[in-house]
Amino acid sequence: MDVQVDRDLVVNLTQELVRFRSVNPPGNEQPVAEHLARAMEDLGLEAELQPLAEGRANVLGRLRGAAEGHLVLTGHLDVVPPGGQEWQRDPFGAELADGRIYGRGSCDMKGGVAAMVAAAAALRRAGFRPRADLVLACTAGEEAGMLGAGAMVERRSLEGSRYLVVAEPTDLDVFIGEKGVFWVRLRALGRTAHGSMPSLGVNAVGYMARLIPRLEAYPFPWKESELLGRPTLSVNVIQGGNKINVVPDLCQIEVDMRTVPGQDHQDLLRRLRSLAEEVARGYHPELRVALEIDNDKPPLETERSEPLVEAVVQSVAAVRKGAPRVGGVPFGTDAAYLAPGFGIPMVICGPGAPSMAHQPDEHVEVDQLVQAAEIYADLARRLLG
Ligand SMILES: [Zn+2]
């Protein structure tokens, strides 16, 4: 069977997707999702638009097979804002120059989504009949809150699946682990007073100044992961006080934790709470703390011996004429919801440099987009042939 990826399709579709401003927040993925669903249908694929909220939608594409054991390729449709730094190119122009496509989302990760679609289209054109479905799971809301992936789990949209491949940018290397993401907002509630009489108040900023070093030094239990290294904790936002002569009754921090397999987020939360309360007791009996979770994605690791991993490695090697690197990533993807949600192993492998994500003048190499599509098509034939 001769499966030929259509280079023009990969380029044009990437450009079309980049031109939609699906910036998250707020997301507004519906127009790009509708366009993508139409493009899939025009290519002879099944497409289902999955509305989520006002202006927001997932798309599920499918090349249908007869049995269960589906291969899911997944990518997200939202992008981060262009950012404060100056761009040399129009962030939403999708300019094609020097063999690259420029624009916000070209690399992270509308290029990957276009490659997924081009792979399915090439297989269909070649007359490939998959044993089980090849599913293209295109999500809204990945960059904040995982709205789309969460809805796919809730609605059991990927029931019957066996394998998950995330098309996030890896330079076509093969990543089989991702750190967990655990964001906690911690609020200290004291009592306000005139700045000239601090003994009448409970200073929430003073409390927080004592808590932060304790937090940074706290011996959270963990085991080093060969793939992902060590967990991290970083206090990245602090807000408190608003006037020089007023004792602040409120101070808030946001703590960004990246976890490794074996760490339980609920256990982390309990430890955070008891440390915060212990420091509060030592500071002032009236000081109260409140904790709130802003993001909670568990760490993930796929066994190297899992057949999916070997299949992806072989597909990459076949297309690129060289073995890929197998490693882990320090960030979280939709797989954090989808893999445990459907009890399936995941691998991350996609076009574009991981370091290019969220950067000014973001771009992706066209050659890599085409190779990614060839890899996905090859993989589908291995797993669904
Ligand atoms: Zn991404």
Side-chain angles (χ1 to χ4, degrees), residues 1 3-22 27-53 55-68 70-79 94 101 105-106 109-142 147-149 151-152 155-161 164-165 167 334 338 350-351 369-370 372-374 376-377 379-381 384:
M1 182 185 299
V3 179
Q4 285 296 329
V5 166
D6 180 346
R7 190 180 180 95
D8 289 343
L9 167 64
V10 180
V11 171
N12 294 338
L13 186 56
T14 301
Q15 288 182 305
E16 289 162 23
L17 298 179
V18 168
R19 289 181 185 131
F20 285 92
R21 299 175 184 236
S22 51
N28 191 33
E29 298 90 345
Q30 180 125 7
V32 68
E34 283 171 0
H35 181 83
L36 183 61
R38 269 195 306 276
M40 287 176 180
E41 280 170 352
D42 289 347
L43 293 164
L45 306 170
E46 288 181 29
E48 177 199 342
L49 198 71
Q50 193 174 60
L52 302 168
R56 313 198 67 179
N58 291 330
V59 181
L60 282 158
R62 228 174 260 273
L63 182 61
R64 202 171 278 280
E68 295 208 329
H70 313 321
L71 165 62
V72 180
L73 305 177
T74 186
H76 60 84
L77 299 174
D78 57 327
V79 300
I101 297 169
S106 56
M109 58 171 289
K110 289 169 168 174
V113 170
M116 286 160 37
V117 174
L123 289 165
R124 199 203 76 95
R125 225 176 21 249
F128 175 67
R129 300 213 174 277
R131 193 169 40 75
D133 298 2
L134 173 62
V135 183
L136 312 176
C138 307
T139 61
E142 193 272 345
L147 173 73
M152 283 188 187
R155 301 178 195 184
R156 309 308 302 159
S157 310
L158 306 177
E159 211 61 82
S161 298
L164 178 67
V165 175
D334 273 336
L338 299 178
L369 292 177
V370 174
E374 289 169 351
Y376 302 147
L379 182 68
R381 292 175 66 189
L384 306 177

Inset, instruction - Give every residue pair that meets the salt bridge (charged side-chain N to carboxylate O under 4.0 Å, His left out) criterion with at least one member in residues 113-141, sequence neighbours excluded. - result: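 Passing the test, one end in residues 113-141: Arg62-Asp133, Arg64-Asp133.
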Determine whether [X] and [Y] make a side-chain contact, defined as any pair of heavy atoms from C-beta on separated by less than 4.5 Å.
X	Y	answer
Lys110	Ser22	yes
Leu9	Leu43	yes
Met40	Glu46	no
Leu71	Val135	no
Ser157	Leu60	yes
Leu384	Leu134	yes
Asn28	Arg21	no
Arg381	Met1	yes

Does [X] use its side chain to pair, donor to acceptor, with the backbone of [Y] at less than 3.5 Å?
X	Y	value
Asp78	Glu142	yes
His70	Val72	no
Glu29	Gly141	yes

Legend entry - CA sep, side-chain torsions, deciding dist, call: Thr139, Asp334, side chain to side chain donor-acceptor pair (under 3.5 Å): CA-CA 8 Å; Thr139 61; Asp334 273 336; 2.5 Å; yes
Heavy-atom closest contact ([X] atom, [Y] atom, distance):
X	Y	answer
Ala137	Thr74	O-OG1, 2.8 Å
Ala373	Ala115	CB-O, 3.5 Å
Met152	Cys138	CE-O, 3.8 Å
Gly112	Tyr376	O-CE1, 4.3 Å
Ala167	Pro351	O-CD, 3.9 Å
Ala33	Val59	O-CG2, 3.2 Å

Legend entry - Partners meeting ring pair (Phe, Tyr, Trp, His ring centres under 6.0 Å) with Phe128 (sequence neighbours left out):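 Ring pair (Phe, Tyr, Trp, His ring centres under 6.0 Å) check on Phe128 returns nothing, list empty.
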Legend entry - From Asn58 atom CG to Leu49 atom CG, the distance as rounded to the nearest 0.5 Å: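 So the gap between those two atoms works out to 8.5 Å.
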Under 3.5 Å donor-acceptor pairs involving side-chain atoms of residues 12-20, not counting sequence neighbours:
{"unit_1": "Asn12", "atom_1": "ND2", "unit_2": "Asp8", "atom_2": "O", "d": "3.2"}
{"unit_1": "Thr14", "atom_1": "OG1", "unit_2": "Val10", "atom_2": "O", "d": "2.7"}
{"unit_1": "Gln15", "atom_1": "NE2", "unit_2": "Ala94", "atom_2": "O", "d": "2.9"}
{"unit_1": "Glu16", "atom_1": "OE1", "unit_2": "His35", "atom_2": "NE2", "d": "2.7"}
{"unit_1": "Arg19", "atom_1": "NE", "unit_2": "Gly93", "atom_2": "O", "d": "3.2"}
{"unit_1": "Arg19", "atom_1": "NH2", "unit_2": "Gly93", "atom_2": "O", "d": "3.4"}

